[in-house]
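Every chain is numbered from 1, with letters handed out A, B, ... down the list of sequences.
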Amino acid sequence: MLFNSREFLIFFPIVVLLYFVIPKKIRYLWLLAASYYFYMCWNARYALLILTSTGVTYLSGLLIDRIRSSETEDHTRYRRMKWVVAVSFLLNLSILFFFKYFNFTCDLVVSVLGLFSISFTPPVLDVLLPVGISFYTFQALSYTMDVYRGDIGAEKNFFRYALFVSFFPQLVAGPIERSSNLLKQLAKPASFKLKHAGEGLLLMVWGFFLKLVIADRAGILVDHVYNRLAEQNGWALLLASVLFAFQIYCDFSGYSVIAMGTAKVLGIDLMENFRAPYLADSVSSFWRNWHISLTSWFKDYLYIPLGGSRKGTCRKYCNKLIVFLVSGLWHGADMSFVIWGGLNGIYQILEEMLKPLKDKLLRPNPTGISKILRRVLGALITFVLVDLTWIFFRAPDMTGAVQVIRTIFSDLSFSALSAVSASSLGLDSTNILLLLFSLLLLGAADIMKLMGIRVRDLFMDCYWKWLAAMLIGIFAVLVFGVWGSGYDASNFIYFQF
Amino acid sequence: MERHKIIRYVGYAVLSVLIFFVLLYLAGKIFTPKYETGVREGGMTQDYYLEELPHDLIFLGDCEVYENFSPVILWQEAGITSYIRGNSQQLIWQSYYLLKETLEYETPRVVILNVHSMRFNAPQNEAYNRMMLDTMKWSSYKAAAVKTSMTEGESFLSYVFPLLRYHDRWNELTFSDVRYMFDHEPSTVAGYLVHMDVSPMTRLPKAPILTDPDFGATAWQYLDLIRETCEEEGVQLILIKSSSIWPTWYEEWDQQITDYAAEYGLTYINFIDHEEELGIDWTTDTYDGGLHLNLYGAEKASAWLAAYLSEECDLPDHRGEAAFEADWNAKIRKQESIKALQLEELETYGYLKSWMPEEDE
């Protein structure tokens, strides 16, 4: 079931209504049933995969807890606990590997063997990638690690733990929640509060705006241009590539915001997944604010265990590169994703290497206009760098990505500019204007976020203000959203990961 | 939770939902396509609701009735009061539900059904559905008509709240969309859509081979329903096949209708067989090369029908009755003014300029 589907508009109010009507003690059971129903609407059989992942990590948590409280030597205990963690990781990652990376690995093996003139015909796995598998697998694994590290105790109630793994608002596209945040909220359900519901609904409407008005409108142009690479000049490709950066941002952050809003109505706070990433003035800052739940997951469960920055500069750079290469792979089983991840890793390494030079060249602690200028310039450079990597993300393949970059850098003449038209972009000028206006709104909201102002709070002190904001938002989505006839409720881009 | 809190919450929720639906309704009114300017062949269903006096004759059918018969001529020739409840590609079940709706307002003496739509046994085209159904008043008949007519991908809800269907018209809205939100200027005269332009029939397209000559079960089912309804209400049902060169009206189809009419004692008139008698000239009496008649052709067909009905159906002549006279004189004036306007446009521009899509105002 998609958030932007008619089914969800019926499903969600029923879930909320019954959630607050039934006794608090058993609410988690209702949410669990609703979450599995939500997932099974897409593919009932694949719910078994979540169940397997849940079972494995639940048992590993209990085992780790039991080993920890046993009276054996520290060394033996930790060795045993490590074994449990390893088995949990192995089983979960095997499922993920089987569904997501099997064919990719086979192709890779074929390519490598081809270098030595060895031919090999691997079996081809023709199965549908389970929606959200990367998200719930990582969430479940983080639980195992948290219990191992002693950050939380093992959850004894299987059904409550199953809900933690399958909580429907964030089941298929995150945010990848931490047990320390979500499990305790599921254990102590909040009473219905008008404030929560109001805030949650505002968030949902904003999320739908990001998804349906901005992302899907930008998607029309991006798809049109990227599906006809050979016909496009540099300007069209530049515009499409810039818009893709916003498409993927609004698509993914839109989903996250709807997820946050949905959970908020139920009285549950999910972590913020995006914090004005395109206003970041460095690539490392961008990654601190982009897909925060995944970035922090990699930091906590991969970068730090690899040694982080504790084992020397060279090792630190290596660890960063590994994290970003894995992040690329997490996003998709294709070399272009690996290159995308690798480039982001290299950016950060270069950024750190060049930091002393930058500090030497630039005056420290600028004030006034120079501070603003430096910030704007930093954000612009960061955007250009990040957007370059998005080309690998969006292009059909590596050759396509190279072609896009080459055309952008070689075909930005005035004559090429005049050749750009609505028909070559697939979107008429009114729609492009609407898109620009919507992006300005997004920019304003992001700037306010950076200034520490939560836009939704501005409407929460008066019912009429809230209602006006809701109605304006709903009708903006209804009227300007790309949906309805001739439009398939387009999947959120991040579902495929 | 305290009782007063629950009441407050429910109050807020009800108020919010209420305001939302009022706005959704108003937005739907703005976004629903209007046919007062530009394209005229939509929204004709609502013209009927402006009628004040009853009719002795009701036409049901598709473009072959609202283009081919002029109620004004029927009035002028024989004092027959008639109305055409026809729309583009009006399917047989849509005719049935329009008949049921009409019977809620009045009981005519005669219903004439053009059987051209018997060729369709399943929903055909969303655009035509919308043109016919959007402006039909809500009733159980409309609900049934919508459900029966919906093509794949259409939703009932979008008929209830048209914004859900027409939201992407936001960049083509004009002042007319606001001007005609609640107001309506009928584009027809008693259901007849005036066409003064001439486009002669120059070639006869080859008829496609008829793979399955039998009308479908659904089409028969609704023809039966129309017949039964007319019987129950004491209304005489006449089946017709209106004049046209193409699409081809196959002999096999004609035979099935002839047999049906014979079986149930109905009158069936195939106007194609009477064209010489009518005096139809396909070089001057059609505006689209033989599909439909223009007013010149409609005048001939209507005059013939007026004579037939007076003779065979004993329909009363209402001429001289003050209320009817006033009503039909207004209709005559309207038809004449449309005629004059169209002739002027044809002379000046060579085409019907006012029928072209509206420029932004």
Self-check item: B:L24 vs A:F475 side-chain heavy atoms within contact, under 4.5 Å
Solution: yes
Self-check item: Over 12 foreign heavy atoms within 6.0 Å of OH, B:Y49
Solution: yes
Quiz prompt | Residue, of B:S158, B:S155, B:S16, B:A13, that accumulates the most heavy atom pairs under 4.5 Å with chain A | solution = B:S16
Quiz item: Out of curiosity, B:R8 CZ to A:L194 CG, how far, rounded to the nearest 0.5 Å?
Solution: 6.5 Å
Quiz prompt | Min side-chain heavy-atom separation B:W170-A:N431 under 4.5 Å | solution = yes
Practice problem: State whether the number of non-hydrogen atoms from other residues, nucleotides or ligands found under 6.0 Å of A:R6 atom CZ is greater than 12. | Solution: no
Quiz item: Is the side chain of B:H167 donor-acceptor paired with the backbone N or O of A:W483 at a distance under 3.5 Å, no angle test?
Solution: yes
Quiz item: Relative to chain A, which segment of B:F31 carries a heavy atom at a distance below 4.5 Å: side chain, backbone, both, or neither?
Solution: side chain
Quiz item: In terms of heavy-atom contacts, does NZ of B:K147 have more than 12 from other residues, nucleotides or ligands at under 6.0 Å?
Solution: no
Quiz item: Are more than 12 heavy atoms from other residues, nucleotides or ligands located less than 6.0 Å from atom OH of B:Y351?
Solution: yes
Quiz item: About how many Å separate CZ of A:F192 and CD1 of B:I6, when rounded to the nearest 0.5 Å?
Solution: 10.5 Å
Quiz item: Can you tell me how far the CE atom of A:M470 sits from the CD1 atom of B:I19, to the nearest 0.5 Å?
Solution: 12.0 Å
Exercise. Without swapping roles, check the side chain of B:Y12 against the backbone of A:Y463 for a donor-acceptor pair under 3.5 Å.
Key: no
Quiz item: Heavy-atom count around B:Y128 OH within 6.0 Å, excluding the residue itself: above 12?
Solution: no
Practice problem: Answer with side chain, backbone, both or neither: which region of A:L467 has an atom nearer than 4.5 Å to a non-hydrogen atom of chain B? | Solution: side chain
Quiz item: Does A:Y37 OH have over 12 foreign heavy atoms under 6.0 Å away?
Solution: no
Quiz item: Heavy-atom distance under 4.5 Å to chain B: side chain of A:L478, backbone, both or neither?
Solution: both
